[in-house]
Amino acid sequence: MALEERPVEKLDRAVIFLGPPGSGKGTQAKVLAARYGIPHLSTGDMLREHISKGTPLGLKAKPIMARGDLVPDSLVLKMVADRIDREDCYHGFVFDGFPRTVTQAKYLGELLKQHGLNQPFVIHMVIGRSALLKRLTGRRTCRVGGEIYNIYDRPPKVEGVCDKDGGELVQRPDDTEEVVAPRLHAYEKQTAPLVSFYRRLNSLDDIDATKSVEEVQQQVADSVERIRGAR
Ligand code: ADP
Ligand code: ADP
């Protein structure tokens with residue numbers, strides 16, 4: 001494991017990546033979670049796993065995700081509560097794509113209290129709409145390990161094959177031009193209000209998500225170290 005990927009001191013905190021689809025939440029959440037040795041929880045990945053297994057939740061979520069709407073709070077909240085009850089979450093975790101509504105954010109606040117954790121720390125990925133289409137339609141993900149690529153900006157060495165584990169790279173069915181528009185609309189309407197929600201709680205940092213993956217990674221690391229130092 002590379003030096004920068006080795007787990008350092010425990011974070012004991014929930015970190016949330018908040019930003020529009022394609023802003024780089026998954027890419028950065030994976031790195032941060034590895035650095036602190038805590039789980040990376042992507043509600044999108046969890047829902048896609050339910051879909052591929054054909055569970056009752058997956059069957060309900062599939063048509064909703066296919067059209068770019070948000071899955072109802074009640075379904076997502078149960079899934080998240082079950083996940084953070086697991087022992088690997090005792091020392092914190094990194095959320096990517098959750099919460100996405102004010103209801104989800106309030107519920108998360110209660111869950112964290114029950115688990116003896118502080119208010120979450122929110123990394124707000126700031127990026128304009130125009131950059132997102134290329135990021136989303138060009139995204140490819142490894143079927144095996146979930147590594148994220150972009151055919152325009154971050155291509156694999158061999159087309160269609162993951163550099164890390166040789167897995168097949170696939171495109172998500174909602175990463176098409178037609179579905180990107182409703183997803184961005186859902187973000188503006190239902191998720192963007194969380195920026196002021198968390199800013200009021202004084203627990204949010206703005207990150208310039210238009211920069212390179214490495215530069216964003218540095219901004220995120222500095223930001224998280226600042227809160228660790230401040231408590
Ligand atoms: P999100 O989880 O917010 O939807 P991802 O992390 O999956 O975003 O990234 C979306 C796409 O943009 C992927 O193809 C990824 O490789 C690419 N990407 C992520 N961060 C950057 C960046 N800083 N610069 C350029 N492309 C990026
Ligand atoms: P992206 O990283 O591109 O924003 P995600 O993988 O996070 O996409 O989410 C894909 C889809 O899964 C969303 O469009 C939505 O339908 C559903 N989803 C994921 N997380 C949530 C959530 N917290 N609440 C409601 N729906 C969700």
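Numbering of residues begins at 1 and proceeds along the displayed sequence. For ligands, and for the atoms within them, numbers begin at 1 and follow the listed sequence.
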remark   = The reported gap from OG1 in Thr191 to CD in Gln104 (rounded to nearest 0.5 angstrom) is 7.5 Å
message = How far is atom 23 (N) of ligand 1 from the closest protein heavy atom, and which atom is that?
response = Lys211 O, 2.8 Å
ask   = Taking only heavy atoms of Gly97, which atoms of ligand 2 are found under 4.0 Å from at least one of them?
value = 20 (N), 21 (C), 22 (C), 23 (N)
ask   = At a non-hydrogen distance cut-off of under 4.0 Å, which region of Ser212 contacts ligand 1 (side chain, backbone, both, or neither)?
value = backbone
inquiry  = With a 4.0 Å cut-off on heavy atoms, is Pro20 in contact with ligand 1?
reply    = yes
key: Asp174/Arg67 salt bridge by N-O under 4.0 Å criterion   = no
inquiry  = Checking side-chain polar atoms at under 3.5 Å, does Glu215 have a donor or acceptor matched by the opposite partner on Ser212?
reply    = yes
task = With heavy atoms of Arg48 as the reference, note each atom of ligand 2 found under 4.0 Å away.
result = 6 (O), 10 (C)
query = Can you list the ligand 2 atoms lying under 4.0 Å from a non-hydrogen atom of Arg183?
reply = 1 (P), 3 (O), 8 (O)
task = Select one of side chain, backbone, both or neither to describe which atoms of Val76 lie under 4.0 Å from any atom of ligand 2, heavy atoms only.
result = side chain
Protein contact to atom 11 (C) of ligand 2 [nearest heavy atom, distance to 0.1 Å] = Met65 CE, 3.8 Å
request  = Check for a donor-acceptor pair, side chain of Lys25 on one end and backbone N or O of Pro20 on the other, with a separation under 3.5 Å.
outcome  = yes
request  = Please state which part of Asp69 comes within less than 4.0 Å of ligand 2, counting heavy atoms only: side chain, backbone, both or neither.
outcome  = backbone
query = Between atom CZ of Arg154 and atom CZ of Arg140, what is the distance when rounded to the nearest 0.5 Å?
reply = 15.0 Å
task = Give the residue and atom name of whichever protein heavy atom lies nearest to atom 19 (C) of ligand 1, and the separation in Å to one decimal.
result = Thr27 OG1, 3.5 Å
ask   = Going by distance only, is there an N or O of Leu136 that falls short of 3.5 Å from an N or O of ligand 1?
value = no
ask   = Mind checking whether Ile64 has a heavy atom under 4.0 Å from ligand 2?
value = no
inquiry  = Polar contacts were defined as any N/O atom of the residue lying under 3.5 Å from an N/O atom of the ligand; does this apply to Ser42 and ligand 2?
reply    = no
message = Within the 4.0 Å heavy-atom shell around Arg154, which atoms of ligand 1 are there?
response = 16 (O)
ask   = Starting from atom 20 (N) of ligand 2, which protein heavy atom do you reach first, and at what distance in Å?
value = Thr43 OG1, 2.8 Å
ask   = With distance as the sole criterion, is a donor-acceptor pair present between the side chains of Thr101 and Asp73 under 3.5 Å?
value = yes
task = Report the part of Arg139 (side chain from C-beta onward, or backbone N, CA, C, O) that has a heavy atom under 4.0 Å from ligand 2; answer both or neither where that applies.
result = side chain
ask   = Under 4.5 Å between side-chain heavy atoms, hopping through other hydrophobics if needed: is there a path connecting Tyr187 to Val122?
value = yes
ask   = If you measure from each heavy atom of Gly19 to ligand 1, is any distance below 4.0 Å?
value = no
ask   = Who's the nearest protein heavy-atom neighbour of atom 8 (O) of ligand 1, and how far?
value = Gly24 N, 3.1 Å
key: CE on Met46 to CD1 on Ile51, rounded to 0.5 Å   = 14.0 Å
task = Can you sort out which atoms of ligand 1 are near Ile148, meaning under 4.0 Å from one of its heavy atoms?
result = 6 (O), 7 (O), 13 (C), 15 (C), 16 (O)
ask   = Counting from 1, what ligand 2 atoms have a heavy atom of Gln104 closer than 4.0 Å?
value = 22 (C), 23 (N), 24 (N), 25 (C)
request  = Among all protein heavy atoms, pick the one closest to atom 26 (N) of ligand 1 and tell me residue, atom and distance.
outcome  = Arg135 NE, 3.6 Å
Nearest non-hydrogen protein atom, atom 2 (O) of ligand 1 = Gly26 N, 2.9 Å
query = For ligand 1, does Tyr149 get within less than 4.0 Å through its side chain, its backbone, both, or neither, judged by non-hydrogen atoms?
reply = backbone
ask   = Any chain of hydrophobic side-chain contacts (each under 4.5 Å) joining Met125 to Tyr198?
value = no
key: Val216 with Ile123, same ILVMFWY side-chain cluster at under 4.5 Å   = yes
remark   = Distance col, row Ser42:OG vs Phe17:CZ, nearest 0.5 angstrom, shows 12.0 Å
key: Contacting atoms of ligand 1, where contact means under 4.0 angstrom from a heavy atom of Val213   = 20 (N), 21 (C), 22 (C), 23 (N)
inquiry  = If we set the cut-off at 4.0 Å for heavy atoms, which region of Arg172 has an atom near ligand 2: side chain, backbone, both, or neither?
reply    = side chain
message = Is there a polar contact, in the sense of an N or O pair closer than 3.5 Å, between Val71 and ligand 2?
response = yes
task = Could you name the option among Arg67, Gln190, Arg100 that has the heavy atom nearest to atom 4 (O) of ligand 2?
result = Arg100
query = Which of the atoms of ligand 2 are close to Gly44, meaning less than 4.0 Å from one of its heavy atoms?
reply = 5 (P), 6 (O), 9 (O), 19 (C), 20 (N)
inquiry  = Among Thr210, Asp206, Ile207, which residue satisfies the side-chain contact (heavy atoms from CB on, under 4.5 Å) criterion with Val126?
reply    = Asp206
inquiry  = Between Glu110 and Lys106, does any NZ, NE, NH1 or NH2 come within less than 4.0 Å of an OD or OE carboxylate oxygen?
reply    = no
message = For atom 18 (N) of ligand 2, what's the nearest protein heavy-atom neighbour? Residue, atom name and distance, please.
response = Leu47 CD1, 3.5 Å
message = Would you call the rings of Phe95 and Phe93 parallel, tilted or perpendicular, taking 30° and 60° as the class edges?
response = perpendicular
query = With no hydrogens and no angle check, is any side-chain donor or acceptor of Arg100 less than 3.5 Å from a backbone partner on Gly97?
reply = yes
query = Do the side-chain N and O atoms of His40 and Asp96 include a donor-acceptor pair separated by under 3.5 angstrom?
reply = yes
query = Would you call Arg135-Asp175 a salt bridge at under 4.0 Å N-O?
reply = no
